[in-house]
Amino acid sequence: VTCLAVLILMSLQALVSFQHLHIHNQKLWVDFEGQCQKFLENPYDEMIAAHIRCAMAVSNGDMMEAYACQGVVTQSFLKAFQAQKEENWAIPVLKRVVSDLRQFALKAEASLVRSKSRRKPGEMLEKAADLIMSCFRVCVSDSRTALEVSKRVGTPTLVNQLFKIYFKINTLHLCKPLVRAIDGSDIKDHFTKAQFVTYKYFVGKKDMFDSDFKAAAESLEFSFNCCYISSQRNKRLILIYLIPVKMLLGYMPKPELLEKYDLLEFEDVRRAVSQGNLLLLSQTLRKHEAFFIRFGIYLILQKLKIISYRNLFKKVYVLLGGTHQLPLRAFEDALKFMKVEDIDIDEVQCIVANLIDKNYIRGYISHQHQKVVVSKQVPFPSVASLFK
């Protein structure tokens with residue numbers, strides 16, 4: 001009996017994983033409650049019994065029951081994990097348990113959508129996040145133990161799992177305490193490469209949605225450059241957010257990059273912004289609207305309009321021979337040529353004033369003469385230079 005218990009404990013990660021073949025073995029379903037109580041101590045008996053019930057629910061296609069059982073697995077494991085002092089051998093089990101919990105929460109949410117349930121969308125994921133956060137608190141509170149045996153080693157996995165949930169249910173404000181906790185500790189130096197790539201990817205996305213594009217670019221570039229070359233799908237996913245951020249900072253993607261990662265949706269966006277072609281930009285955003293909304297970047301790409309205005313007005317400046325006094329009417333004509341709706345001279349003045357305020361144009365508006373007086377030296381500084 002003792003040998004069996006030791007063997008079960010040593011194989012615990014495999015025994016609670018839904019990646020393991022044992023979940024298809026229906027022989028385990030026979031009198032499993034009694035067997036678990038007979039051979040295992042509490043709370044491992046509850047944990048393994050709940051795991052088997054979860055496997056049965058999956059077999060029956062009942063994702064709500066599977067999610068509930070995985071919640072019991074997580075709670076039972078947490079009891080045992082919390083009781084362990086100055087040891088962290090169970091971290092691999094923790095990783096498996098919380099990963100499966102999130103996956104079952106997603107499947108439970110999908111099940112509720114199919115059944116047209118009136119329950120609040122995201123409720124299962126919120127509850128899963130609460131459980132994972134309980135695990136996170138146990139890990140970060142183990143601060144006085146030497147890192148080699150500290151539960152803090154488990155925080156990278158938990159943070160990344162929480163990030164995935166928070167982005168899914170659109171509660172990005174909850175990410176900030178996690179970032180603060182990681183940045184304020186020494187655990188960041190002990191992330192695996194894969195964990196840190198994932199972490200920086202989510203931090204970069206959060207910075208992007210917070211409009212901190214320079215910080216977002218740094219994190220997403222790190223994530224892209226350090227992502228395994230073989231992980232083409234992940235590199236493509238990172239680029240979906242990195243490309244708009246870099247464009248807002250004045251760096252246009254190369255056509256070869258877009259073709260390599262099958263991101264041709266950005267090709268006309270790149271061309272439109274570079275040329276100051278507001279008509280093409282509007283058409284492209286409408287054409288690929290579903291794709292951009294799916295990844296949450298539609299509104300981010302709308303911000304490229306101001307750079308397109310800058311590039312269009314620079315063309316007007318060049319066409320007028322580089323004079324430093326530019327009639328507002330010329331800008332109005334250019335915008336009307338681009339089919340910008342409801343444009344008048346007052347609207348043009350607002351656009352120009354915004355460009356001057358953001359340093360995209362160096363100069364001022366002479367309302368008396370209805371002209372824009374631009375600097376004789378670098379009237380249109382490069383967008384990239386404004387963020388250095």
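Remember, predicted model here, so these are calculated numbers, not experimental data.
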Group every Ile, Leu, Val, Met, Phe, Trp and Tyr by side-chain heavy-atom contacts under 4.5 Å, then state whether [X] and [Y] land in the same group.
X	Y	answer
Val340	Leu280	no
Val372	Val378	no
Leu94	Val72	no
Leu220	Tyr228	no
Leu320	Val373	no

Any chance [atom1] of [X] has more than 12 other-residue heavy atoms, nucleotides or ligands included, within less than 6.0 Å?
X	atom1	value
Gln275	CD	yes
Glu259	CD	no
Lys314	NZ	no
Lys254	NZ	no
Tyr364	OH	no

Given Thr284 and Leu301, is the side chain to side chain contact (heavy atoms under 4.5 Å, CB included) satisfied, shown in steps?
CA-CA 11 Å; Thr284 303; Leu301 290 170; over 6 Å; no

So Lys151 and Gln84, side chain to side chain contact (heavy atoms under 4.5 Å, CB included) or not? Walk me through it.
CA-CA 9 Å; Lys151 295 180 179 67; Gln84 296 168 8; 4.3 Å; yes

Return the set of residues passing side chain to side chain contact (heavy atoms under 4.5 Å, CB included) with Phe337 (not counting sequence neighbours), or none when no residue passes.
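Residues passing side chain to side chain contact (heavy atoms under 4.5 Å, CB included) with Phe337: none at all.
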
From [X] atom [atom1] to [Y] atom [atom2], the distance as rounded to the nearest 0.5 Å:
X	Y	atom1	atom2	value
Ile48	Phe77	CD1	CZ	11.0 Å
Gln26	His24	CD	NE2	10.5 Å
Thr157	Lys95	OG1	NZ	4.5 Å
Leu304	Leu285	CG	CG	8.0 Å
Phe224	Lys235	CZ	NZ	4.0 Å
Tyr261	Leu237	OH	CG	12.5 Å

I want to check a possible cation-pi pair here: Lys164 against Phe202, using under 6.0 Å from ring centre and within 45° of the ring axis as the test.
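Not flagged: Lys164 not positioned over aromatic ring of Phe202.
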
Quick one: does NZ or CZ of Lys214 land under 6.0 Å from the six-membered ring centre of Phe387, within 45 degrees of the ring axis?
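Pair Lys214/Phe387 does not count as cation-pi.
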
[Y] backbone acceptor or donor facing [X] side chain under 3.5 Å:
X	Y	answer
Ser274	Arg271	no
Ser111	Met63	no
Glu347	Asp342	no
Asn60	Asp62	no

Can a salt bridge be assigned to the pair [X] and [Y] using a cut-off of 4.0 Å between side-chain N and carboxylate O?
X	Y	value
Asp183	Arg180	no
Glu265	Lys287	no
Glu123	Lys120	no
Asp333	Arg329	no
Lys336	Glu332	yes

Ring centers of [X], [Y] separated by less than 6.0 Å:
X	Y	result
Tyr317	Phe313	no
Phe222	Phe196	yes
Phe292	Phe266	yes

Identify which one of Leu172, Leu158, Thr198, Val203 satisfies the side chain to side chain contact (heavy atoms under 4.5 Å, CB included) criterion when paired with Phe163.
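Per the side chain to side chain contact (heavy atoms under 4.5 Å, CB included) rule, the option paired with Phe163 is Val203, out of Leu172, Leu158, Thr198, Val203.
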
Side chains of [X] and [Y]: donor-acceptor distance under 3.5 Å anywhere?
X	Y	result
Asn311	Ser308	no
Glu221	Asn225	no
Gln325	His369	no

Heavy-atom pair of closest approach, residues [X] and [Y]:
X	Y	value
Lys168	Leu106	CE-CD2, 3.9 Å
Ile307	Val383	CG2-CG2, 4.0 Å
Cys175	Lys206	CB-CD, 3.8 Å

Might you work through the ring-ring contact (aromatic ring centres under 6.0 Å, His included) test for Phe104 and Phe18, ending with a clear yes or no?
CA-CA 10 Å; Phe104 281 122; Phe18 275 81; 4.8 Å; yes

Does the plane of the ring in [X] sit parallel, tilted or perpendicular to the ring in [Y]? Use 30° and 60° as the thresholds.
X	Y	value
Phe191	Tyr199	tilted
His22	His51	tilted
Tyr201	Tyr241	perpendicular

Evaluation steps, side chain to side chain contact (heavy atoms under 4.5 Å, CB included), between Val159 and Val179:
CA-CA 8 Å; Val159 167; Val179 175; over 6 Å; no

Reference residue Arg53; test salt bridge (charged side-chain N to carboxylate O under 4.0 Å, His left out); the match among Glu65, Glu33, Glu46:
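The option that passes is Glu33.
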
Just do the side chain to side chain contact (heavy atoms under 4.5 Å, CB included) check on Lys303 and Ser211 with the steps written out, would you?
CA-CA 10 Å; Lys303 294 176 184 287; Ser211 296; 3.9 Å; yes

